[in-house]
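Structure record follows, encoded as structure tokens.
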Amino acid sequence: MNTPSARPTVVVVGGGAAGSLAALHLVREATDGVDLVVIDPTEDLGTGTAFGTADPTHLLNVPASGMSALPDDPGHFARWRATTTGDEVDPHEFAPRAAWGRYLADTLSSALADAGSRVTLRHVRRRAVGVQHDTHGVTVTLDDDSTVTGQALVIGTGLPAPSVAWAPRALRDSERFLPDPWAPGMLERVRHDVASLPDVLVVGTGLTMVDIVSTVTTNARSDRFVHAVSRSGELPRRHADGPQAPAVPDISEWGHALDAIVSHVRAHLTSAERLTGDWRPGVDGLRHLVQDLWGRLDEADRVTFLRDHAGEWNRVRHRIPSPSARRIDDLHVGGRLATYAAQVTDAEVLDNGLRVHLSDGSVRDVGWVVNATGPDTDVRNLHDPLLDDLLRSRPDGSLAVTATAGMGFRTRGGRPVGSSGHPQAPIWVLGALRRGELWESTAIPDIRNQALATAEAVLSASTSGAVTEDVTP
């Protein structure tokens, strides 16, 4: 076992929400000091894909009261909003997502200032492509062949740009196809375009579609019409206009079989609606119990849930902010938006747009097609060099193995479990990379709790010297 350093270096890969939350809590918890190296090509830490948008109509889908970066201070974000806006802030408001990105960056900066010389943070604007480990810790290789070393590695990269596996070749080759709507300036390009056909086709009808539609129809040409398609054609349900107390069930007798749990969930939602007049308190009462229920399922039942029930659950769990829902309603009523259950089967290039063929037999002539299908959640399909390197075979076994449906990695307390069945290196993951084992692992309340637990575990292991060995039986 190596001699522990009084001041460890911790490498954090990811500068979006997950990585920045991990860095924030490492700063706050490092009473004996720590040197942080955050690796991400982004210019500013804290934003990432989710919170990098500049459009003020793109709103958080969780009220301000649920978006604190600090688990022990639920009003922190709302107070920050009040301070920065100069106005009294309703804790139940749905704030702009860009505001939360600024909040996280500001909170991290303030924590660093408070820490003084006790903590340093260096932002390396490169991509991590590989990792090696030895008795001293880890060495992370970057995309310019340089390396960064540390006693521990925390990976909070989230997921990459949306998948385009569904798109026909003719569509993928077209300049009028936006594979990643969050690439800087892409949606504004569509909004301000007056030379192409006026209609826009959005593929996907989830929360990303809601934001896309808002951008491409606001201060845009008056003849703009948006078609939104997905396999179900259904939108997420909307948030209530005001706060509601959750109806929390007793799940102790719900068992471990999927059919039984689904039956209990449906009965609970029916009961909550009967008692409160609304199904939402029933869903919100399940919010912090889902990881427990997911943990009861065997692998076969988890796969069945993903196939048969995940879509329905996501539509009631991840809801549209009420202001955004009203905007969508207005577009529907005003004849500027229609949603369909269909898939794209083919596309042809036109002089001023694209002719898109759909699985329902219809054809749409549009100026643009925008991808809102979301990322591929199977890490084996992402072609991310760092994640691939964790999964590759090594003489002493891989550093990680995938969890259910490839949704991230199996872990023990956040540490990836290798092919040997044990953590092989001082590596921790959080956020989307734990979804397969936790299911609920992508919302800020989940990630902030993981970030705090990860910081405590990393710092404890780094100062004790146990970071380089698996001490869990």
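Positions are given from 1 along the sequence.
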Any side-chain donor-acceptor pair under 3.5 Å between Asn371 and Thr373? yes
Assess the side chains of Thr215 and Asp55: does a donor N or O sit below 3.5 Å from an acceptor N or O? yes
Decide yes or no on salt bridge (charged side-chain N to carboxylate O under 4.0 Å, His left out) for Arg97 and Asp211, but give the supporting numbers first. CA-CA 11 Å; Arg97 288 199 279 118; Asp211 286 344; 2.4 Å; yes
Step-by-step side-chain contact (heavy atoms from CB on, under 4.5 Å) determination, Val379 to Leu390: CA-CA 11 Å; Val379 296; Leu390 293 174; over 6 Å; no
Quick check: does any side chain N or O of His239 sit under 3.5 Å from a backbone N or O of His318, one acting as donor and the other as acceptor? no
Please test Asp87 against Arg81 for salt bridge (charged side-chain N to carboxylate O under 4.0 Å, His left out), starting from the C-alpha separation and ending with a verdict. CA-CA 8 Å; Asp87 298 321; Arg81 282 279 289 162; over 6 Å; no
Go through the side-chain N and O atoms of Arg176 and Ser196 and say whether any donor and acceptor fall under 3.5 Å apart. yes
Check against ring pair (Phe, Tyr, Trp, His ring centres under 6.0 Å), Trp439 and Phe305: CA-CA 11 Å; Trp439 180 244; Phe305 171 82; 5.4 Å; yes
4.5 Å side-chain heavy-atom contact, Thr339 and Val229: no
Would Asp173 and Arg169 count as a salt bridge (charged side-chain N to carboxylate O under 4.0 Å, His left out) if you check the C-alpha gap in whole Å, the side-chain angles of each, and the deciding distance to 0.1 Å? CA-CA 6 Å; Asp173 291 343; Arg169 172 58 63 183; 3.6 Å; yes
Between Arg415 and Thr411, is any pair of side-chain heavy atoms under 4.5 Å apart? no
Ring centroid separation for His58 and Trp100, is it under 6.0 angstrom? no
Side chains of Ser174 and Leu354: does their closest heavy-atom pair fall under 4.5 Å? yes
Assess, by modelled atom type and distance only, whether the side chains of Thr404 and Glu437 contain a donor and an acceptor separated by less than 3.5 Å. no
Please round to the nearest 0.5 Å and tell me the distance separating atom CG of Asn449 and atom CG of Leu430. 11.0 Å
Decide yes or no for Trp313 and Val290: does some side-chain heavy atom of the first lie under 4.5 Å from some side-chain heavy atom of the second? yes
Would you mind checking if Arg380 and Asp388 are paired as a salt bridge, meaning a charged N to carboxylate O distance below 4.0 Å? no
I'd like to know if the side chain of Thr276 and the backbone of Ala272 have a donor-acceptor N/O pair within less than 3.5 Å. yes
Within a strict 4.5 Å, meaning less than it, do heavy atoms of the Thr217 and Leu331 side chains meet? yes
Is the number of heavy atoms from other residues, nucleotides or ligands under 6.0 Å of Asn219 CG greater than 12? no
Walk me through it: do Ser441 and Gln450 pass the test side chain to side chain donor-acceptor pair (under 3.5 Å)? CA-CA 9 Å; Ser441 190; Gln450 292 176 27; 2.9 Å; yes
Any side-chain heavy-atom pair from Trp294 and Glu440 closer than 4.5 angstrom? no
Cut-off 3.5 Å, side chains only: do Ser362 and Arg364 have a donor facing an acceptor? yes
Worked verdict on Thr304 versus Arg307 for side-chain contact (heavy atoms from CB on, under 4.5 Å): CA-CA 5 Å; Thr304 299; Arg307 184 190 67 218; 3.7 Å; yes
Flag for Gln244-Asp278: side-chain donor and acceptor within less than 3.5 Å: yes
For Phe409, run the side chain to side chain contact (heavy atoms under 4.5 Å, CB included) check against Ile155, Ile427, Leu387 and tell me which one passes. Leu387
Does Arg317 pair with Glu312 as a salt bridge, N-O distance under 4.0 Å? no
Can you check whether His357's main-chain N or O pairs, donor with acceptor, with Asp346's side chain at less than 3.5 Å? no
Taken to the nearest 0.5 Å, the spacing of Leu197 CG from Arg355 CZ works out to 9.0 Å
What is the distance from atom OG1 of Thr218 to atom CG of Leu187, rounded to the nearest 0.5 Å? 11.0 Å
For atom CZ of Arg392, decide whether the heavy atoms of other residues, nucleotides or ligands shown that lie under 6.0 angstrom number more than 12. yes
Output yes when a side-chain donor or acceptor of Thr157 lies under 3.5 Å from a complementary backbone atom of Gly14, and no otherwise. no
Short side-chain to backbone donor-acceptor contact, Ser263 and Asp259, under 3.5 Å: no
Checking the side chain of His332 only, and the main-chain atoms of Leu337 only, is there a donor and an acceptor separated by less than 3.5 Å? yes
Taking Asp389 for the side chain and Gly130 for the main chain, is one N or O donor matched with an acceptor at less than 3.5 Å? no
Under the 3.5 angstrom rule, does the side chain of Arg280 hit a backbone N or O of Val316 as a donor-acceptor pair? no
Salt bridge between Asp241 and Arg326, side-chain N to carboxylate O under 4.0 Å? yes
Is it true that, when you exclude Arg122 itself, more than 12 heavy atoms of the residues, nucleotides or ligands shown sit nearer than 6.0 Å to its CZ? no
Is it true that, when you exclude Arg296 itself, more than 12 heavy atoms of the residues, nucleotides or ligands shown sit nearer than 6.0 Å to its CZ? yes
Over all heavy atoms of both residues, which pair between Arg126 and Asp144 is shortest? Give the atoms and the distance, please. NH2-CB, 3.5 Å
Ring pair (Phe, Tyr, Trp, His ring centres under 6.0 Å) between Phe177 and Trp166, intermediate numbers included: CA-CA 13 Å; Phe177 174 54; Trp166 58 268; 5.8 Å; yes
Interatomic distance, Ser222 atom OG to Arg336 atom CZ [nearest 0.5 angstrom]: 7.5 Å
Stepwise salt bridge (charged side-chain N to carboxylate O under 4.0 Å, His left out) test for Arg319 and Asp284: CA-CA 11 Å; Arg319 303 195 287 271; Asp284 296 341; 3.0 Å; yes
So do Trp80 and Arg102 actually touch side chain to side chain, heavy atoms under 4.5 Å? yes
Nearest 0.5 angstrom please: Leu24 CG to Ser20 OG, how far? 8.5 Å
Taking NZ, NE, NH1 and NH2 as the nitrogens, is one of them in Asp446 or Arg287 under 4.0 Å from a carboxylate oxygen of the other? yes
One pair to check against side-chain contact (heavy atoms from CB on, under 4.5 Å): Ile39 and His123. What are the steps and the verdict? CA-CA 6 Å; Ile39 301 171; His123 178 192; over 6 Å; no
Distance check, rounded to the nearest 0.5 Å: Ser230 atom OG versus Met209 atom CE? 8.0 Å
With side chains defined as the heavy atoms from C-beta onward, is the minimum distance between His256 and Asp301 less than 4.5 Å? no
Start with the C-alpha gap between Val226 and Val216, add the side-chain angles, then the distance that decides, and say whether side-chain contact (heavy atoms from CB on, under 4.5 Å) holds. CA-CA 9 Å; Val226 180; Val216 303; 4.0 Å; yes
Are a donor atom and an acceptor atom from the side chains of Asp199 and His227 found within less than 3.5 Å of each other? yes
So does Ser68 get a backbone contact from the side chain of Tyr103, meaning a donor-acceptor N/O pair under 3.5 Å? no
